[in-house]
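The structure appears below as structure tokens.
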Protein chains: 2
Amino acid sequence: MKVSAQEEYGLRCLVQLAGLKDGESLTLAQMAGREGISVANAGKLLWILSKAGLVQSLRGTKGGYYLARPASEIYLSEIIRVMDEEEISGHCKSYTGVLDECVHTSDCGIRPVIMSIHEIVQESLSKITLAQLVGSEKNVDATLHQIQSFQSRRDAEAH
Amino acid sequence: MKVSAQEEYGLRCLVQLAGLKDGESLTLAQMAGREGISVANAGKLLWILSKAGLVQSLRGTKGGYYLARPASEIYLSEIIRVMDEEEISGHCKSYTGVLDECVHTSDCGIRPVIMSIHEIVQESLSKITLAQLVGSEKNVDATLHQIQSFQSRRDAEAH
DNA sequence: GCTAATCTTGACTTAAAAGTAAGGTATGAT
DNA sequence: ATCATACCTTACTTTTAAGTCAAGATTAGC
């Protein structure tokens with residue numbers, strides 16, 4: 001249960017774009033440089049984000065990438081879902097198929113758990129927008145802890 | 001962000017053991033057969049669980065595996081953590097290290113998000129015990145939806 | 001004590017994810 | 001028009017996770 005490299009780098013590039021002013025854009029080379037990944041790799045990630053409609057691009061000399069919507073209207077749940085949709089779509093088309101991939105079909109108590117885990121993650125991430133991730137680590141951390149779902153976890157102990 | 005094969009199969013084997021009566025045990029071959037995996041693979045998974053103290057084993061002719069504690073005292077959070085500790089331990093020792101592995105060290109708004117995602121998952125799973133996963137799919141699903149953290153998610157829409 | 005059943009452990013093989021390379025296509029400036 | 005810039009797309013290589021193999025060690029029953 002971990003965040004994949006593709007998910008994380010995709011998120012990082014989006015945060016960069018979220019910090020831009022209106023009318024500005026960033027090239028692949030710029031984003032790759034700041035994240036320490038290759039231009040080719042950044043190109044792949046941004047292409048996925050572009051295909052999903054989260055970013056738009058402009059070709060040519062003054063080209064680059066920019067967000068397709070305001071950062072305050074892009075939720076992390078959507079980003080995470082988009083970034084690993086690639087590998088999923090090869091094996092199965094629907095969301096039910098995702099389960100059939102790793103869960104065998106006989107009746108058992110585990111299927112609802114796997115499903116619930118994914119729902120919990122998606123639901124938690126649907127409360128955070130890209131706009132809330134722009135800024136210093138300290139500020140973002142403070143912001144996150146004011147969001148309801150993140151705060152409630154403090155009541156319970158982790159076993 | 002998905003449940004790995006290792007996590008899922010480990011969980012499945014534990015559910016099998018949780019369904020045993022006192023004094024009973026299961027061999028690798030029995031568990032492997034029921035889950036549709038090879039005996040060798042089951043051996044690897046059970047060894048991890050054994051090393052972590054979740055199961056105990058008995059060698060020899062009448063040997064097999066059984067839970068080290070009552071199923072009602074084993075939380076899913078612990079299982080998930082144990083099952084992918086292997087890959088983590090090779091690169092870094094502490095939990096901080098897990099983050100340094102995939103997050104570069106400069107100040108940014110993403111580190112707390114990655115950390116929070118893991119915390120949310122752990123906290124949610126710490127409310128479910130192995131004992132609650134024994135039974136038919138329908139019953140387990142009903143049980144899960146009565147647990148507080150799973151129920152609260154229904155209020156919000158998934159974006 | 002011998003044998004058969006079973007867990008233990010490390011090395012190896014295979015499959016999947018991540019990342020790279022290269023050629024193609026569109027755009028803007030001169 | 002031509003050239004330089006930068007995005008687009010497919011195929012390939014590398015790396016990592018998953019799964020397998022085989023030899024060793026332990027126990028129960030005869």
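Within every chain, numbering begins at 1; the chains are lettered A, B, ... in the order of the sequence lines, protein sequences first and strands thereafter.
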In whole Å, I'd like the distance from the [atom1] atom of [X] to the [atom2] atom of [N].
| X | N | atom1 | atom2 | answer |
| --- | --- | --- | --- | --- |
| B:N41 | C:dT14 | CG | P | 16 Å |
| A:M83 | C:dG19 | CE | P | 10 Å |
| B:Y9 | D:dG19 | OH | C1' | 11 Å |
| A:L45 | C:dA18 | CG | C1' | 10 Å |
| A:E35 | C:dG19 | CD | P | 12 Å |
| B:Q56 | C:dC7 | CD | P | 14 Å |
| B:I48 | D:dA18 | CD1 | C1' | 11 Å |
| A:L46 | D:dC8 | CG | P | 9 Å |

TODO: Assess the side chains of B:E35 and B:Q16: does a donor N or O sit below 3.5 Å from an acceptor N or O?
DONE: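 The criterion, which ignores hydrogens and geometry beyond distance, is satisfied for B:Q16 and B:E35.
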Looking at [Y], is its backbone amide N or carbonyl O close enough to the side chain of [X] to form a donor-acceptor pair, meaning the two atoms are under 3.5 Å apart?
| X | Y | result |
| --- | --- | --- |
| A:E8 | A:A5 | no |
| B:Q6 | B:M83 | yes |
| A:E78 | A:Y75 | no |

So if I take every side-chain heavy atom of [X] and compare against [options], which nucleotide ends up nearest?
| X | options | result |
| --- | --- | --- |
| A:K44 | C:dA18, D:dC8, D:dA6 | C:dA18 |
| B:K62 | D:dC8, D:dG29, C:dT8 | D:dG29 |
| B:A5 | C:dA18, C:dT6, D:dG19 | D:dG19 |
| B:R59 | C:dT6, C:dG19, D:dA4 | C:dT6 |

If only side-chain N and O atoms of [X] are considered, is one of them under 4.0 Å from the OP1 or OP2 phosphate oxygen of [N]?
| X | N | value |
| --- | --- | --- |
| A:Y66 | D:dC7 | no |
| B:S57 | C:dT8 | yes |
| A:W47 | D:dC7 | no |
| A:S38 | C:dT20 | yes |

TODO: Have a look at B:L58 and say if it touches a base, only the backbone sugar-phosphate, or nothing, with a 4.0 Å heavy-atom cut-off.
DONE: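 Sugar-phosphate contact only.
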TODO: Look at all strands and tell whether A:L28 reaches a base, only sugar-phosphate, or nothing, counting heavy atoms closer than 4.0 Å.
DONE: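 A:L28: backbone/sugar contact only, no base atoms under 4.0 Å.
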TODO: Please figure out whether B:G43 or A:T61 has its closest DNA chain C nucleotide nearer the 5' end.
DONE: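 It is B:G43, whose closest nucleotide lies nearer the 5' terminus.
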Open item on the list: With clusters defined by side-chain heavy atoms of hydrophobic residues (ILVMFWY) lying less than 4.5 Å apart, directly or transitively, does B:Y66 cluster with B:L46?
Closed with: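 Hydrophobic grouping puts B:L46 apart from B:Y66.
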Task: 5' precedence on DNA chain D between A:G63 and A:A40 (nearest-nucleotide basis) - done: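 Its nearest nucleotide being more 5', the pick is A:G63.
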